[in-house]
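Mind having a look at this structure? Questions to follow.
Residue numbers begin at 1 in each chain, while the letters A, B, ... track the order of the sequences. Both backbone and side-chain heavy atoms feed into the values below; hydrogens, waters and symmetry mates do not.
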Protein chains: 2
Amino acid sequence: MKKTEIRKPTIREVAKLARVGLMTVSRVINNHPSVRASTRKKVEAAIVQLGYQQNEAARLLKGQRARMIGLIVPDLSDQFFAACAHTVQHLARADGYMTLVVSSERDADLEFQQAELMASRKVSGLLIVTSTKAGDERLQALQDTGLAIVAFDRPLPGVDTDCVLVENRGGAEAAIAHLIQHGHKHIACVGYDEETYTVYERLQGYLSRIHGAKLKPQTAFGLSTLDDVRNWLTAALAGKNRPTAIFSVNHRTSIYLLQALSELKLRIPEDMALIGFDDFDLAAVLNPPLTTVAQSPVELARRAMGLLLAGIQGMQNGVSSSPAKILLPAKLMIRASCGPHEAQKS
Amino acid sequence: MKKTEIRKPTIREVAKLARVGLMTVSRVINNHPSVRASTRKKVEAAIVQLGYQQNEAARLLKGQRARMIGLIVPDLSDQFFAACAHTVQHLARADGYMTLVVSSERDADLEFQQAELMASRKVSGLLIVTSTKAGDERLQALQDTGLAIVAFDRPLPGVDTDCVLVENRGGAEAAIAHLIQHGHKHIACVGYDEETYTVYERLQGYLSRIHGAKLKPQTAFGLSTLDDVRNWLTAALAGKNRPTAIFSVNHRTSIYLLQALSELKLRIPEDMALIGFDDFDLAAVLNPPLTTVAQSPVELARRAMGLLLAGIQGMQNGVSSSPAKILLPAKLMIRASCGPHEAQKS
DNA sequence: CTGAAAGCGCTAACAA
DNA sequence: TTGTTAGCGCTTTCAG
């Protein structure tokens, strides 16, 4: 209630203290070259003395971009995306950016709407794991506005951006090869949401290997609940081409599978071999330890941020090189859910 | 490169189209009461027609607060906090706020620094899971500036804010009571970072029940790696008061315990009973299913957001009621890691 | 190399 | 109830 409100110092007061004009201060702040070294010294001293900090609102009003980046993921409560968000935010901070995080709830419209909101807040860049199936030119418009955009985990259909992807297909192929090495002839592939890019790619990898080995593919998608999984499993076991191994392309499905298998008193790997896409910290603790295909969310996010920061630079300098595409490896983590190691000798 | 840059419509153009003064438009936007209904209609029509959107930068410059809230958690890649962040961001969006998310990496200084940065960005409110051990009056200063602050999961020492906490102590007591009912006399309590509020509370709950039953407490903290856990476990098993049950107050420690136990070929619950604080989706799938003390990150975040939104309202109206304190229950999820249910009859 | 003037889009305070 | 004036703190002209 006192009259002595602690007003933040402005560029004006810095100028007064340094006995120079406003513009000189502004130039110093923005590292403009045409300032004599001695003058710059004075101004810098004044800045320190006053503890001056730029007022972002004023800069925004003049049309500059905020030192913020936006991150949009399908589901922030998902372990994988949470790890991405953590890394992104960490790296952003190191570069003086704050991070606006949004979960699109796998809704393409919401995703776009939020992207637009972020753009209107003048973020410098946008990192996005899209939930769009069809191409969405609307994002292209944002990019043309001078907003740097990087897609990761999934490409942005219809928009020509930098992107960082994982070798989903290769990872799946490695998994199936492993199963085949173990002598399996009936390998099922299950998951949900096969329209998602990553899942689709994994499915393609599965199919490619299965066909390559002249085996019969056996797939089931849309298995998004424990009940779904249980039902499918009992049906599959009763069917004629009873699978002896399952490749699960979604983390959630893997968990349900584990549960359903346990309920049905089926032993892993004796009665059923299992490989899950996406590693998780408990995989090694399970009984038996689960063989998985691992991808690194940290590396994914790190590379994406690298591209984004470069993109922001590029936008500022008006440089626009052709979009970079990075492909990260997926690694098969061989544990015990496909049987003993020995079997590996074909 | 065309001259027709798509400039966003301003309040001025809306005014022109609606044939009113600037202020009238401003008033309509801000729901100021003194605008005739008919006038408001006209303005609203113009707003829609032009697709006008407020320019936040300009408002900020006039000293208003941004429609953003800040969220600071110790570690965003932690499942629990990720779930909190997801809920917060979801609720914030529903109220038209964007969310600035930061991981403090359990560093009190970084936490404060980020809080200050958010404040300088004029966020309307701050949600924070503190990593401060000692009191930190610096945050109090921010609050006095007119920033709404709500602490959750852990209270903010030295700052008088709203806060939402979980019954950590009660949850721990329930866990120990359960173990005692099962006839255990040697119950160890392990974890790391006992200085953290939540862990400390759990420890107190453990101690209180152990003493109440005239048993000897046996605690070990600082167990932050698998090696730590393994070493402690082998030592404890060799000791004279060999524990028959373990209460793990940290999720991570529980996982390591599971792993170490498995390595040592100890069966759960026959050779060692186990209860972990913090539930997780795989707990039910483990072999055997793990008994845990569950708390709901979603509910925690939901209540915190409720308080924050109310607090923001309060700040705007200059109302300042005494801080609200909410205590949420923790629930014992009885599964099979402490032995058969029957044993419950004391 | 430096400085003065002119706003960016908005709202608080006053007039009408 | 409405409109007018005066900036918020900064950067982009354009002169010196």
Distance check: side-chain N/O of B:Thr24 vs OP1/OP2 of D:dG3, anything under 4.0 Å?
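So the side chain of B:Thr24 is within the cut-off, an N or O lying under 4.0 Å from OP1 or OP2 of D:dG3.
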Specify the separation, in whole Å, of atom CD of B:Glu56 and atom C1' of C:dC8.
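To the nearest whole Å, that distance equals 16 Å.
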Quick one about A:Glu111 and A:Thr132 (side-chain donor to acceptor, distance below 3.5 Å, no hydrogens or angles considered), yes or no?
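Yes.
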Between the base of C:dG7 and the side chain of A:Lys62, is there any donor-acceptor pair under 3.5 Å?
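Yes, a donor-acceptor pair under 3.5 Å.
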Salt bridge or not between B:Glu56 and B:Arg67? Use side-chain N to carboxylate O under 4.0 Å.
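Looking at B:Glu56 and B:Arg67, the cut-off is not met.
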Tell me: CZ of A:Arg12 to P of C:dA5, nearest whole Å?
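Taking atom P of C:dA5 as the reference, CZ of A:Arg12 is at 11 Å.
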Without decimals, in angstroms, what is the distance between A:Leu60 CG and D:dT12 P?
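The distance from CG of A:Leu60 to P of D:dT12 comes to 13 Å, rounded to the nearest Å.
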C:dT11, OP1 or OP2 - any side-chain N/O from B:Asn30 closer than 4.0 Å?
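Checking C:dT11 against B:Asn30, a side-chain N or O does come within under 4.0 Å of OP1 or OP2.
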When the distance from NE2 of B:His32 to P of C:dT11 is rounded to whole Å, what number comes out?
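One finds 12 Å between P of C:dT11 and NE2 of B:His32, rounded.
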Between B:Arg36 and D:dT2, is there a side-chain N or O to OP1/OP2 distance below 4.0 Å?
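B:Arg36 to D:dT2 OP1/OP2: side-chain N or O found under 4.0 Å.
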B:Ser26 side-chain N/O to C:dC10 phosphate OP1/OP2 under 4.0 Å
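Checking C:dC10 against B:Ser26, no side-chain N or O comes under 4.0 Å of OP1 or OP2.
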So, does B:Gln54 get its side chain near the phosphate of C:dT11, meaning an N or O under 4.0 Å from OP1 or OP2?
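Checking B:Gln54 against C:dT11: at least one side-chain N or O falls below 4.0 Å of OP1 or OP2.
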Report the residue (A:Met23 or A:Ser34) whose heavy-atom-nearest nucleotide on DNA chain C is the more 5′ of the two.
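Of the two residues, A:Ser34 wins.
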Return yes if a side-chain donor-acceptor contact under 3.5 Å exists between B:Gln143 and B:Gln140, otherwise no.
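There is such a pair (donor and acceptor under 3.5 Å, judged by atom type) between the side chains of B:Gln143 and B:Gln140.
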If the cut-off is 4.0 Å, is B:Gln53 near the phosphate of C:dG9, judged by side-chain N/O to OP1 or OP2?
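So the side-chain polar atoms of B:Gln53 never come under 4.0 Å of the phosphate oxygens OP1 or OP2 of C:dG9.
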Within the 4.5 Å heavy-atom criterion, are B:Lys122 and B:Gln64 side-chain neighbours or not?
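Counting from C-beta outward, B:Lys122 and B:Gln64 never come under 4.5 Å.
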Starting at NZ of B:Lys122 and ending at P of D:dC8, how long is that distance when rounded to a whole Å?
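Rounding to the nearest Å, NZ of B:Lys122 and P of D:dC8 are 14 Å apart.
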Which nucleotide sits closest to the side chain of B:Ile11: C:dC10, D:dT2, D:dC14?
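Of all the options, the side chain of B:Ile11 is nearest to C:dC10.
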If the cut-off is 4.0 Å, is A:Thr39 near the phosphate of C:dT2, judged by side-chain N/O to OP1 or OP2?
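So the side chain of A:Thr39 is within the cut-off, an N or O lying under 4.0 Å from OP1 or OP2 of C:dT2.
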Measure from CZ on B:Arg59 to C1' on D:dG7 and round the result to the nearest Å.
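Rounded to the whole Å, the gap is 17 Å.
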In whole angstrom, give the distance that lies between atom CG of B:Leu22 and atom P of D:dT5.
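For the pair B:Leu22 CG and D:dT5 P, the rounded distance is 11 Å.
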Salt bridge check, A:Asp162 against A:Arg303: does any charged N sit closer than 4.0 Å to a carboxylate O?
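A salt bridge is absent here (no side-chain N lies under 4.0 Å from a carboxylate O).
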Whole angstrom is fine here: how far is it from CD in A:Gln64 over to C1' in C:dG9?
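These atoms are roughly 16 Å apart.
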First encountered from the 5' end of DNA chain D, between B:Val20 and A:Leu61:
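Whichever sits nearer the 5' end wins; that is B:Val20.
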